[in-house]
**Student:** 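Quick one: the structure is below, and I'll ask about it shortly.
Sequence lines set the chain letters: A, B, ... in the order given, protein chains first and strands last, and positions in each chain run from 1. Values below: all heavy atoms of this structure, side chains included; hydrogens, waters and symmetry mates excluded.
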2 protein chains.
Amino acid sequence: MATSTTRTKRGKGRDKAAPARPTQKDIALAAGVSQAAVSLVLNKAETPSVPPATRTRILEVAEGLGYRPNHPARMLRSARTMTFACVIPDITNPFYPGLVRGLQAVAAPAGYDVLIFDTDGRPEREARAIDWLLQGRADGVVATFFHLRAPQLAVLARKGIPLVRLESQHKPDGPLAIDSVYIDNAEAAAEMTRLLIARGHRRIAMIQAEFGPSQRRAQGYGAVMREAGLTPDFITDSAYSEESGARAMKRLLERKGERPTAVFGASDVLALGAMEAARSAGLSIPGDIAIAGFDDIPVAKLLGLTTVRQPEFDLGALAAETLVRRLQPGGLEPPGKSHELKFEIMKRSSV
Amino acid sequence: MATSTTRTKRGKGRDKAAPARPTQKDIALAAGVSQAAVSLVLNKAETPSVPPATRTRILEVAEGLGYRPNHPARMLRSARTMTFACVIPDITNPFYPGLVRGLQAVAAPAGYDVLIFDTDGRPEREARAIDWLLQGRADGVVATFFHLRAPQLAVLARKGIPLVRLESQHKPDGPLAIDSVYIDNAEAAAEMTRLLIARGHRRIAMIQAEFGPSQRRAQGYGAVMREAGLTPDFITDSAYSEESGARAMKRLLERKGERPTAVFGASDVLALGAMEAARSAGLSIPGDIAIAGFDDIPVAKLLGLTTVRQPEFDLGALAAETLVRRLQPGGLEPPGKSHELKFEIMKRSSV
DNA sequence: TTCGCTTAGTTATACGTATTATTAAAGCAA
DNA sequence: TTGCTTTAATAATACGTATAACTAAGCGAA
């Protein structure tokens, strides 16, 4: 008797007895054709060189074996991952899930998946994201960077990975495939500040974060304040979190001198933290202190927060469309364009 | 003059003038060694067969060319994607971002990325997720399925892809690598119902969703109600969304007969929708009607919603740990285990 | 008959990496 | 000198797919 050690193929010893997924080779073997024939039938709707009979036989065998194309192999061969990366500070900030859905809404029908990379708004994590993207994990990127600037990002475009930045202002066209989508953050903040002034507020403070879109928003606020002959009053905390917002508000309330009558949070999450701190200090909103935010995250409506609406879903969808078009053969060419969407002031009960 | 058409290598014509990313071959060429030597130096800390001088030369050249390993190629060669998939109904439901962060917190240090797949709680999308996973896009999965049951999921484990389900109750150990993490949803809902009864409520309605964890929660509620001699009052809407919650509450308020004095939403998002509908009907909370939820999403605290706290971050982290351990060579073996975490009743102002 | 065309495929190669097997050269002992 | 060991590598192969290039058989037309 021959010692026919029928080893299960590809038994790397790594996966214990996991039956390998069938490949085109397996189908070819079972259908009595070559691997190339299988690939042709599986990928092309019309195959002049494969007669219908063979075609159906191959398809039946594939179906029978439960064949699924091997994604890594496809990626390698075609140099396309069919994946978009979404690089954002923090998925738990309610602004971003909406953005992601917008992205997915356009990406999925075009055959792209979406990978999330959280940077926590930290420079070293942003750098890691770039490194990670250079490994060819995604065909395109939608990203918010707080720290990296154009020179550091250019490497992506140079390697053929289009990038759409979520920006806070218009960017001039550049020679690379770096696009941006934005609402005019400075103007939006200016308009909100005008609203506060129109409501009779004179002492208006702004709670800022150290990095990110807060900067442009602060500019808009500062300009309008000075125009109106008022003194801008900035209070800065580190991050876009409720804790930061609450901390900033607390510091505001502990200051000597007259309390501001209105507080403008550079983001809704900051504003929510501020609201909480104000409430637990026994202040009523808007009676004792008015509060405004920025983003219009879903809860803003529930809490009656007056804020600036950013169309996050549309921003995501537009970003994805841009990527899809750039990746189409013969698609969009440089220069990178800056695309503006409209904001809206949502007047609610907190002001 | 020779017509030396120095074509840029790998010019597929697809990417317009994008300089190709350098490969190990390029490094080898530049360093005057073989590709194999490059691979060895780049991957092993100790290389007995490569002397220090050559080693540093290779590393320098790699650094100089800005080499980044090609992820797809690695995946193909090693049959590992270093990616976890997170299959959830909807990333905009604030319960999930926290889960994702928990996942990432454990996955990232272990070298795994996290890919998000939204199913919208629809059966066909769940089926697509399975198909998609069978293409070898992820090494492991953390998932919430509303529709698919064990038999449909078994294929994953059989192909060597471990799965951790986010469950609503204990699951018996099975022969496959399918684990679960859960809090005891029925008991949690029971406890919440007891709280409502203790506060003097007798007519307590529950707003349910058609599928998902709502079922087990309803069981806990129903059992306690009947035990207390009260009649369970279910009102069902389709999804876990504010719209569904608001719609259900509206239907409740339009009913003939006595209005319930308390409403238990099967999830916080449902409860929030119900709160809004109640408020716009002119009812005060909890004066006219008490409202409770389930999940303890971040806003619940801000809105004073009494709810059941699920440790979403910990659930995600635990799920990831389980996957990491199963994927370690010589790691966890079947059977799949069910792991319980503790819930907590968060008493706030809405009850 | 010979040429050319169609049919039905097949063979060969490449994508970039990891790893196993192999080897050429040098050094040293018997 | 022969044989053996060590050093420093290289060559070959495989992972699964897509595709360009090729071919063998059969048939009709010139």
Side-chain angles (χ1 to χ4, degrees), chain A residues 9-15 20-29 31-58 62 65 67-82 134-137 139 159-160 329, chain B residues 9-15 20-29 31-58 62 65 67-82 134-137 159-160:
Chain A
K9 72 173 179 167
R10 287 193 297 289
K12 285 249 181 65
R14 171 166 298 158
D15 33 347
R21 298 189 265 275
T23 70
Q24 292 185 351
K25 211 166 157 188
D26 299 321
I27 299 175
L29 205 69
V33 295
S34 71
Q35 175 266 327
V38 174
S39 177
L40 283 175
V41 167
L42 255 31
N43 289 300
K44 314 280 180 192
E46 306 236 316
T47 39
S49 88
V50 182
T54 311
R55 199 186 161 79
T56 45
R57 182 158 40 95
I58 290 176
L65 292 178
Y67 171 78
R68 296 288 178 285
N70 179 298
H71 184 62
R74 279 197 151 168
M75 282 165 67
L76 178 56
R77 170 63 226 222
S78 60
R80 308 184 122 230
T81 64
M82 297 316 282
L134 287 175
Q135 300 184 358
R137 287 161 186 261
D139 294 340
K159 299 290 177 183
Chain B
K9 73 172 182 168
R10 287 195 295 290
K12 284 251 182 64
R14 172 167 296 157
D15 32 347
R21 297 190 266 276
T23 69
Q24 293 186 351
K25 211 171 164 182
D26 299 321
I27 299 176
L29 205 68
V33 295
S34 71
Q35 175 267 327
V38 176
S39 178
L40 282 175
V41 167
L42 256 30
N43 289 301
K44 314 278 178 192
E46 305 237 316
T47 40
S49 88
V50 182
T54 311
R55 200 187 161 79
T56 44
R57 181 157 41 95
I58 290 176
L65 291 178
Y67 171 79
R68 296 289 178 283
N70 179 297
H71 184 63
R74 279 200 153 165
M75 282 166 67
L76 178 57
R77 170 64 225 222
S78 61
R80 307 187 123 228
T81 64
M82 298 314 280
L134 287 175
Q135 299 183 0
R137 288 163 186 259
K159 299 289 177 184

**Student:** Using heavy-atom distances to pick each residue's nearest nucleotide on DNA chain C, tell me which of A/Ala73 and A/Ser34 is more 5'.
**Tutor:** A/Ser34

**Student:** Is the shortest side-chain N/O distance from B/Thr54 to OP1 or OP2 of D/dA9 below 4.0 Å?
**Tutor:** yes

**Student:** Using the side-chain heavy atoms of B/Gln24, tell me which of these nucleotides is nearest: C/dC15, C/dA18, D/dC15.
**Tutor:** C/dA18

**Student:** Does OP1 or OP2 of D/dA18 have a side-chain N or O of A/Ser39 closer than 4.0 Å?
**Tutor:**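 True: A/Ser39 side-chain N/O within range (under 4.0 Å) of D/dA18 OP1/OP2.
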
**Student:** Using OP1 and OP2 only, check whether a side-chain N or O of B/Arg77 sits under 4.0 Å from D/dA14.
**Tutor:** no

**Student:** Go through D/dG16, C/dT19, C/dT10 for me and flag the one nearest to the A/Asn70 side chain.
**Tutor:** D/dG16

**Student:** Using five base pairs at each end, measure the axis-to-axis angle across the helix from C/dT1-D/dA30 to C/dA30-D/dT1 and round it to 10 degrees.
**Tutor:** 90°

**Student:** Looking at A/Gln24 and A/Ser39, what are the two nearest heavy atoms and their distance?
**Tutor:**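 Reported closest heavy-atom pair: OE1-CB, 3.4 Å.
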
**Student:** Measure from the side chain of B/Ala36, starting at C-beta and using heavy atoms only, and say which of D/dA11, C/dC15, C/dT11 lies closest.
**Tutor:** D/dA11

**Student:** Let's go through A/Asn70 and A/Arg21 carefully: what are the C-alpha distance in whole Å and the side-chain angles of both, what is the deciding distance for side chain to side chain contact (heavy atoms under 4.5 Å, CB included) to 0.1 Å, and is it a yes or a no?
**Tutor:** CA-CA 9 Å; A/Asn70 179 298; A/Arg21 298 189 265 275; 5.5 Å; no

**Student:** Just to be sure I understand the rule, does A/Pro69 reach a base, reach only the sugar-phosphate, or reach nothing, if contact means heavy atoms closer than 4.0 Å?
**Tutor:** sugar-phosphate

**Student:** Would you say B/Lys44 reaches C/dT19's phosphate, i.e. side-chain N/O to OP1/OP2 under 4.0 Å?
**Tutor:**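 Result: yes.
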
**Student:** Would you kindly compare B/Tyr67 and A/Ala37 by the position of their nearest DNA chain C nucleotide and give the one closer to the 5′ end?
**Tutor:**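 In this pair, the answer is A/Ala37.
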
**Student:** Would B/Met82 and B/Arg80 count as a side chain to side chain contact (heavy atoms under 4.5 Å, CB included) if you check the C-alpha gap in whole Å, the side-chain angles of each, and the deciding distance to 0.1 Å?
**Tutor:** CA-CA 6 Å; B/Met82 298 314 280; B/Arg80 307 187 123 228; 4.2 Å; yes

**Student:** Once side-chain hydrogen bond (donor to acceptor under 3.5 Å, both in side chains) is applied, do any residues pair with A/Arg57, and if so which ones, sequence neighbours excluded?
**Tutor:** none

